[in-house]
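Just below is one structure, and these are the notes that go with it.
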Amino acid sequence: QVQLVESGGGFVQAGGSLRLSCATSGRTLRRYAVGWFRQAPAKEREFVAAISWTGRVTIYADSVKGRFTISRDNAKNTVFLQMNSLKPEDTAVYFCAGGDSASYYGGEYDRWGQGTQVTVSS
């Protein structure tokens with residue numbers, strides 16, 4: 001059973017950077033595509049970025065293109081989300097999820113972490 005654990009969230013001023021990590025306990029993350037999603041208060045969960053298990057395919061939401069970068073280190077069973085030029089509207093709980101392929105749709109992931117809070121002040 002793969003369990004996903006996010007870390008790296010925190011409080012940052014607008015224009016700042018954070019790097020989120022998604023690591024596994026139990027089985028290796030190596031064969032799973034991983035997606036990042038976020039949910040702000042009173043809003044629906046939204047897709048942020050995803051990466052295939054090989055790392056060759058990456059996809060992004062338009063709202064984060066050019067600012068966020070998803071990557072993975074399979075030797076460390078970890079996927080990263082580097083977030084630069086953060087904006088107050090990026091404030092949300094960020095979740096990583098594991099699935100068979102990189103997808104925009106949350107329903108195609110069957111393993112989810114508990115989330116990590118990111119707060120961006122103006």
Side-chain angles (χ1 to χ4, degrees):
Q1 182 76 20
V2 174
Q3 294 185 342
L4 306 180
V5 180
E6 303 93 339
S7 63
F11 184 93
V12 65
Q13 291 189 331
S17 299
L18 285 173
R19 187 174 80 157
L20 305 183
S21 297
C22 175
T24 60
S25 61
R27 292 177 62 189
T28 180
L29 188 64
R30 190 168 301 147
R31 293 288 180 173
Y32 292 95
V34 173
W36 284 97
F37 293 77
R38 66 187 182 187
Q39 187 165 20
K43 292 189 176 181
E44 292 187 354
R45 183 181 65 193
E46 65 173 355
F47 170 78
V48 175
I51 188 167
S52 64
W53 74 268
T54 63
R56 295 192 187 107
V57 175
T58 58
I59 54 175
Y60 296 92
D62 287 345
S63 60
V64 307
K65 276 181 185 175
R67 299 189 298 123
F68 291 11
T69 302
I70 190 170
S71 62
R72 66 190 302 154
D73 184 339
N74 283 341
K76 296 182 178 179
N77 281 331
T78 304
V79 171
F80 303 100
L81 184 68
Q82 178 67 42
M83 306 187 297
N84 298 329
S85 302
L86 283 161
K87 305 175 181 180
E89 51 263 44
D90 294 318
T91 295
V93 177
Y94 283 70
F95 300 89
C96 66
D100 291 333
S101 61
S103 173
Y104 295 94
Y105 306 106
E108 298 196 12
Y109 297 88
D110 54 10
R111 295 165 178 84
W112 291 81
Q114 295 298 308
T116 185
Q117 176 71 46
V118 171
T119 304
V120 184
S121 67
S122 57

Taking only distance into account, with no hydrogens and no angle test, what donor-acceptor pairs under 3.5 Å do side-chain atoms of residues 7-19 form with protein atoms, sequence neighbours excluded?
| unit_1 | atom_1 | unit_2 | atom_2 | d |
| --- | --- | --- | --- | --- |
| S17 | OG | N84 | OD1 | 2.9 |

Handout entry: Residue among V48, L20, I51 satisfying side chain to side chain contact (heavy atoms under 4.5 Å, CB included) with I70
Key =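 Result: among V48, L20, I51, I51 is the only option passing the side chain to side chain contact (heavy atoms under 4.5 Å, CB included) with I70.
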
Practice task
Answer whether the closest heavy-atom distance between the side chains of V79 and Y32 falls below 4.5 Å.
Solution key: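 Contact flag for V79/Y32 side chains = no.
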
Problem - Sidechain N-carboxylate O distance under 4.0 Å for K65, D62 - result: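 Yes.
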
Drop me the distance from [X]'s [atom1] to [Y]'s [atom2], to the nearest 0.5 angstrom.
X    : Y   : atom1 : atom2 : answer
Y104 : I59 : OH    : CD1   : 4.5 Å
R111 : C22 : CZ    : SG    : 12.0 Å
L4   : S21 : CG    : OG    : 12.5 Å
F95  : R38 : CZ    : CZ    : 12.5 Å
L81  : Y60 : CG    : OH    : 7.5 Å
D100 : S52 : CG    : OG    : 12.5 Å

Test your reading of the model: is there a side-chain donor-acceptor pair from [X] to the backbone of [Y], 3.5 Å cut-off?
X   : Y    : result
E6  : C96  : yes
T91 : V120 : yes
R67 : S85  : yes
N74 : T54  : no

Take atom [atom1] of [X] as the centre, draw a 6.0 Å sphere, and report whether it contains more than 12 heavy atoms from other residues, nucleotides or ligands.
X    : atom1 : answer
R31  : CZ    : no
D110 : CG    : yes
Q114 : CD    : no

Exercise for the section: Could you check F68 against D90 for side-chain contact (heavy atoms from CB on, under 4.5 Å), going step by step and ending with a plain yes or no? Expected result: CA-CA 11 Å; F68 291 11; D90 294 318; 4.0 Å; yes

Exercise for the section: For Q117 and T119, work out which heavy atoms get closest and say how close. Expected result: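 Minimum heavy-atom contact is NE2-OG1, 3.4 Å.
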
Problem - S122 to P88 - nearest heavy-atom pair and separation - result: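 Scanning both residues completely, I find the closest heavy atoms to be CB-CG, 3.8 Å.
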
Problem - F80 with V34, same ILVMFWY side-chain cluster at under 4.5 Å - result: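 No, it is not one cluster - the side chains of F80 and V34 are not joined through contacts under 4.5 Å.
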
Problem - Test item: side-chain donor near acceptor, S101 and S103, under 3.5 Å - result: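 Judged by distance alone, the side chains do not pair up.
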
Exercise for the section: Identify, with sequence neighbours excluded, every residue that meets ring-ring contact (aromatic ring centres under 6.0 Å, His included) alongside F37. Expected result: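 In terms of ring-ring contact (aromatic ring centres under 6.0 Å, His included), with neighbours along the sequence ignored, F37 is linked to F47, Y109, W112.
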
